Amino acid sequence: IPAMPISIGDTDKSIITIQRYFLLSKIHEVYLQVLNKIMNNLFFPKAIVFDMDGVLIDSEPLWKIAMLAEFKKSGIILTEDDCRATTGRRIDEVAAHWINRYGLKSVSVSQLVMAIEQHLMALIKSQGKPFEGCIELLNYAKSKDIRIGLATSSSEAIMHCVLNHLHLESYFDVTCSAEHCKKAKPDPEVYLNAIEGLGVKPYDCWAIEDSLNGLKAASAAGMQVLYMPEKKHRMDTTTLHVHAVCNNFFKVASLLRQL
């Protein structure tokens, strides 16, 4: 809105100018209110895109077991905090990060990734469980003709291992692995691929995430972002663009029913 000019000596013009200024100010105020509502309120989605690890399946503890064991075999001792710091990133990036950090020469990134993934898939097949309420939410979404997608940083092999083990493949209209992306989360590419496959606009789509990198990726994709925190670790999301915090899938389903 331009600065308010007042023509001294011409009362009628001054009054008209003042009226126009306040009218524009009111329009601008309403615009900001509407924009704020759009940016911060949830709208009923045409699609929901799920992250996988830590959202569909309680696999973060399994990732830690596999990573700690296989890194240790290579001479790298990681802590749980080290694992948490790279949550949501692609495993080849994680392996490269720690190999470079420790100057490791005895193993390559691809060898370490293969060892971790093989260990993890064995754990998934023996211990992997979906989070409570997952199946109920997927069924409810299907009953409301909401399209369902998956956007994961895990490899194609792990993605299919999880979906097959949990018998969830039939629920998903689109599944995307960041293995095929130039950049992994927090880059939005894997989410944008899922959105394109689902045939919806980003703002018509919910993303359900548990990690910082995932939240950043979904937000950068222009989606409505739901944060599902780990039970033992809850991030401060005040500086992130998060539309809702849901401790479990029952809360997500409740939000859908309210809209």
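Keep in mind the model is a prediction, meaning the values are calculated, not measured. We count residues from 1, following the sequence as given.
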**Report entry** Ile48 and Phe50, any side-chain heavy atoms less than 4.5 Å apart
**Finding:** yes
Query raised in the report: Which residues satisfy the side-chain contact (heavy atoms from CB on, under 4.5 Å) test with Ser219, sequence neighbours excluded?
Result: Val225, His241
Query raised in the report: Is the shortest heavy-atom distance from the side chain of Met159 to the side chain of Met52 under 4.5 Å?
Result: yes
Query raised in the report: Does a side-chain heavy-atom distance below 4.5 Å link Val190 with Ser177?
Result: no
Requested in this report: For the pair Asp187 and Arg89, find out whether any cationic side-chain nitrogen is under 4.0 Å from an anionic carboxylate oxygen.
Outcome: no
Requested in this report: For Ile77 and Tyr102, work out which heavy atoms get closest and say how close.
Outcome: O-OH, 3.6 Å
Report task. Indicate yes or no: at least one non-hydrogen side-chain atom of Trp63 is less than 4.5 angstrom from one of Ser154. Result -> yes
Side-chain polar contacts of residues 55-62 - donor-acceptor pairs under 3.5 angstrom, sequence neighbours left out - could you list them?
{"unit_1": "Ser59", "atom_1": "OG", "unit_2": "Asp53", "atom_2": "OD1", "d": "2.6"}

Query - pair Val174-Leu150: side-chain heavy atoms closer than 4.5 Å - result: no
Report summary line: Those residues at least two apart in sequence (or on a different chain) that pass side-chain contact (heavy atoms from CB on, under 4.5 Å) with Pro229 are Tyr227, Arg234, Val245, Asn247
N/O donor-acceptor pairs under 3.5 Å from side chains in residues 90-98, not counting sequence neighbours:
{"unit_1": "Arg90", "atom_1": "NE", "unit_2": "Asp92", "atom_2": "OD1", "d": "2.9"}
{"unit_1": "Arg90", "atom_1": "NH1", "unit_2": "Ala178", "atom_2": "O", "d": "2.7"}
{"unit_1": "Arg90", "atom_1": "NH1", "unit_2": "Cys181", "atom_2": "O", "d": "2.9"}

Query raised in the report: Got more than 12 heavy atoms from elsewhere within 6.0 Å of CE, Met235?
Result: yes
Query raised in the report: Can you get from Tyr203 to Ile146 by hopping between Ile, Leu, Val, Met, Phe, Trp and Tyr side chains that sit under 4.5 Å apart?
Result: no
**Report entry** pair Leu42-Leu226: side-chain heavy atoms closer than 4.5 Å
**Finding:** yes
Requested in this report: Work out which heavy atom in Ala221 is nearest to a heavy atom in Pro202; give both atom names and the distance.
Outcome: O-CB, 3.2 Å
Query raised in the report: Taking only residues at least two apart or on different chains, which pairs with a member in residues 209-229 satisfy salt bridge (Lys or Arg N to Asp or Glu O under 4.0 Å)?
Result: Lys185-Glu209
Determine all donor-acceptor pairs shorter than 3.5 Å in which one atom belongs to a side chain in residues 248-259; sequence neighbours excluded.
{"unit_1": "Asn248", "atom_1": "OD1", "unit_2": "Phe250", "atom_2": "N", "d": "3.1"}
{"unit_1": "Asn248", "atom_1": "OD1", "unit_2": "Lys251", "atom_2": "N", "d": "2.9"}
{"unit_1": "Ser254", "atom_1": "OG", "unit_2": "Gln258", "atom_2": "NE2", "d": "3.1"}

**Report entry** Partners passing side-chain contact (heavy atoms from CB on, under 4.5 Å) against Glu136 (at least two apart in sequence or in another chain)
**Finding:** none
Query - Set of residues satisfying salt bridge (Lys or Arg N to Asp or Glu O under 4.0 Å) with respect to Asp81, sequence neighbours excluded - result: Arg84
Got a list of side-chain donor-acceptor pairs under 3.5 Å for residues 194-201, not counting sequence neighbours?
none

**Report entry** Those residues that, when tested against Thr238, pass side chain to side chain donor-acceptor pair (under 3.5 Å) (two or more places apart)
**Finding:** Asp236
Query - Separation of Glu179 CD from Ser155 OG (nearest 0.5 Å) - result: 5.5 Å
Report task. Flag the pair Lys142 / Asp173 as yes when at least one side-chain heavy-atom distance between them is below 4.5 Å, and no otherwise. Result -> yes
Query raised in the report: Do other residues, nucleotides or ligands put more than 12 heavy atoms under 6.0 Å from Lys64 NZ?
Result: yes
Which side-chain N or O atoms in residues 118-129 pair as donor and acceptor under 3.5 Å with protein atoms at least two apart or in another chain?
{"unit_1": "His119", "atom_1": "ND1", "unit_2": "Glu70", "atom_2": "OE2", "d": "2.9"}
{"unit_1": "Ser126", "atom_1": "OG", "unit_2": "Ala122", "atom_2": "O", "d": "3.1"}
{"unit_1": "Ser126", "atom_1": "OG", "unit_2": "Leu123", "atom_2": "O", "d": "3.2"}

Query raised in the report: What pairs with Ser110 under side-chain contact (heavy atoms from CB on, under 4.5 Å), at least two apart in sequence or on another chain?
Result: Ser108
